[in-house]
2 protein chains.
Amino acid sequence: MKTHTESEENYIKALYHLGGGRPVSNGDLAQRIGAKGSSVTQAVRRLGQKDLVNVVPYKGVQLTPQGIRLAKSILRKHRLWETFLVDKLGFGWEEVHPLAEQLEHIQSEELVDRLFQFLGSPKHDPHGDPIPERDGQMPPVLGQPIGAFTAGTEIRIVRVEDAGSEFFDQLDTMNINLGNTYEIRAISAFDSSVELGSSAGTFWLSQNMCANIYAVQS
Amino acid sequence: MKTHTESEENYIKALYHLGGGRPVSNGDLAQRIGAKGSSVTQAVRRLGQKDLVNVVPYKGVQLTPQGIRLAKSILRKHRLWETFLVDKLGFGWEEVHPLAEQLEHIQSEELVDRLFQFLGSPKHDPHGDPIPERDGQMPPVLGQPIGAFTAGTEIRIVRVEDAGSEFFDQLDTMNINLGNTYEIRAISAFDSSVELGSSAGTFWLSQNMCANIYAVQS
DNA sequence: AATAAGGTTTAGCTTTGCCTAAAATAAAAG
DNA sequence: CTTTTATTTTAGGCAAAGCTAAACCTTATT
Ligand SMILES: [Mn+2]
Ligand SMILES: [Mn+2]
Ligand SMILES: [Mn+2]
Ligand SMILES: [Mn+2]
């Protein structure tokens with residue numbers, strides 16, 4: 001397995017995020033990477049040379065199977081490091097993403113394997129996102145948006161979308177964490193906000209909050 | 001505190017290793033970095049622009065106080081990560097250096113502080129090298145070469161030089177680890193090799209081995 | 001079918017970081 | 001005090017990665 005630059009890996013990751021295996025437009029990629037379209041054109045050409053993507057000019061870029069494999073291995077590292085930072089070093093789940101952006105580029109299979117072991121072979125990261133297995137298999141993407149349940153259901157929070165620091169602040173303020181259980185007390189017919197109840201009392205969650213919080217029945 | 005490239009940090013670290021605060025020749029630096037002299041000339045010029053070094057053409061390069069501070073902070077990270085890899089992930093002390101070469105460039109004060117805590121505020125790394133404090137202070141450099149003791153002395157291994165993988169292999173083969181205690185049984189007048197004794201028996205260490213193993217009386 | 005608009009690529013420039021070969025300088029030898 | 005030698009710097013290239021401005025496709029609108 002060859003060695004890639006940080007920039008290359010970031011492009012691969014962005015492509016996986018935006019399209020999985022499907023084609024992605026130059027513009028979307030540029031937006032995601034935070035570079036100009038012209039820079040992206042050149043970058044994906046380089047990636048094409050290395051058989052990580054297929055490029056059709058004016059049409060779009062698409063990861064090859066090789067590119068997908070690489071993307072998953074980077075995602076695996078990203079999420080394992082996030083798990084390390086939260087579980088072992090005590091970081092808050094809102095702080096770890098930028099750090100994992102750096103750590104995900106450290107190159108050593110051995111290190112990844114040992115980290116995985118050290119963390120207790122986790123299947124999901126601190127945000128509830130699935131950690132790709134060594135062989136590329138993906139654990140299930142957990143839960144559905146809170147608004148999708150019906151009143152009276154007992155739910156457990158299993159995942160949150162990365163919706164920016166204000167969102168995480170709000171979660172912290174409301175003391176909402178992965179693993180918390182609530183009863184859905186009511187769903188507003190007016191604005192789709194949801195009333196959650198626990199032993200600590202009840203409170204309302206806006207539609208926007210609900211859309212980024214995923215739960216399972218339990 | 002500005003952000004530096006990996007290459008810049010490697011030059012700073014090399015300069016600190018070779019000269020501490022004293023001037024270093026272009027050639028020595030080139031050798032250490034593994035680049036040609038012409039590349040080094042340009043690199044140190046860039047570092048000079050950033051006030052990390054003072055350059056006197058044809059004479060040598062020298063870290064500024066700012067450069068020294070940076071060097072120590074990188075060394076601190078390097079040695080903390082080595083400690084993490086050995087103590088927490090179970091790597092052998094001969095494996096961790098190349099990994100720490102990558103990890104030392106991760107940028108986050110917070111991460112370093114938390115790692116330091118997590119590791120139990122260590123003063124020395126797995127090879128016995130001092131880990132610079134947060135404020136730049138250096139814990140003592142421990143021990144003296146084994147050959148410096150006299151027959152009959154009880155010693156404890158506290159540090160080993162990084163003398164290549166064959167050296168570490170030899171240490172492992174002989175079961176020599178930091179913290180091990182021995183009695184100096186004899187020192188050869190012929191070739192300066194040393195006979196060490198413990199409850200497990202006695203064995204001879206070549207002069208070359210001895211020169212890279214440091215101990216204290218105890 | 002012709003044109004306007006939007007998105008994409010090309011052309012040309014910049015910085016970092018490395019290279020080789022040639023010129024310049026400092027140090028050592030005579 | 002020259003001359004030779006070793007070291008260092010300059011000059012000229014190259015690749016990765018980014019940028020702006022101009023040219024070029026595609027697509028949608030008239
Ligand atoms: Mn993340
Ligand atoms: Mn995550
Ligand atoms: Mn090391
Ligand atoms: Mn070390």
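Below, read A as the first sequence line, B as the second, and so on, with proteins coming before strands; counting in each chain starts at 1.
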- Classify every nucleotide of nucleotides 15-24 of chain C by which part a protein heavy atom approaches to under 4.0 Å, writing B for the base, S for the sugar-phosphate alone and - for neither, in 5'-to-3' order. -SBBBB---B
- B:Gln31 CD - D:dT7 P separation (whole Å):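 Going from CD in B:Gln31 over to P in D:dT7 covers 11 Å.
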- Measure from CZ on A:Arg45 to P on D:dA15 and round the result to the nearest Å.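 So the CZ-P distance, A:Arg45 to D:dA15, works out to 14 Å.
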- Message: With the threshold set at under 4.0 Å for non-hydrogen atoms, list the residues of residues 21-29 of chain A touching DNA chain C in residue-number order.
- Response: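 Residues of residues 21-29 of chain A that come under 4.0 Å of DNA chain C are, in numerical order, A:Ser25, A:Asn26, A:Gly27.
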- Task: Give a yes or no answer on whether the side chain of B:Arg76 reaches the backbone of B:Ile131 with a donor-acceptor pair at less than 3.5 Å.
- Result: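 Side chain of B:Arg76 to backbone of B:Ile131, a donor-acceptor pair under 3.5 Å: no, none is there.
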- Under 6.0 Å from the six-membered ring centre of B:Phe118 and within 45° of its axis: does the NZ or CZ of B:Lys88 meet both?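 Because its charged atom sits under 6.0 Å from the ring centre and within 45° of the axis, B:Lys88 does stack over B:Phe118.
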- Item | Distance in Å, A:Lys50 NZ paired with A:Thr64 OG1, rounded so as to fall on 0.5 Å steps |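 Here the rounded value is 13.0 Å.
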- More than 12 heavy atoms from other groups under 6.0 Å of CD on A:Gln107: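 Enclosed.
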- Message: Please check if the number of heavy atoms outside B:Gln31 that lie under 6.0 Å from its CD is greater than 12.
- Response: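 Not buried by this count: 12 neighbours or fewer within 6.0 Å.
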- Message: The criterion is side chain to side chain donor-acceptor pair (under 3.5 Å); which residues satisfy it with B:Arg114, sequence neighbours excluded?
- Response: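 Counting only residues at least two positions away or on another chain, B:Arg114 forms a side chain to side chain donor-acceptor pair (under 3.5 Å) with B:Glu110.
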- Message: Working note: B:Lys77 + B:Glu109, criterion salt bridge (Lys or Arg N to Asp or Glu O under 4.0 Å); need CA distance, chi angles, decisive distance, verdict.
- Response: CA-CA 10 Å; B:Lys77 286 189 277 183; B:Glu109 296 262 335; over 6 Å; no
- B:His105 ring center near B:His4 ring center (under 6.0 Å):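 Between B:His4 and B:His105, which both carry aromatic rings, the centre distance is not below 6.0 Å.
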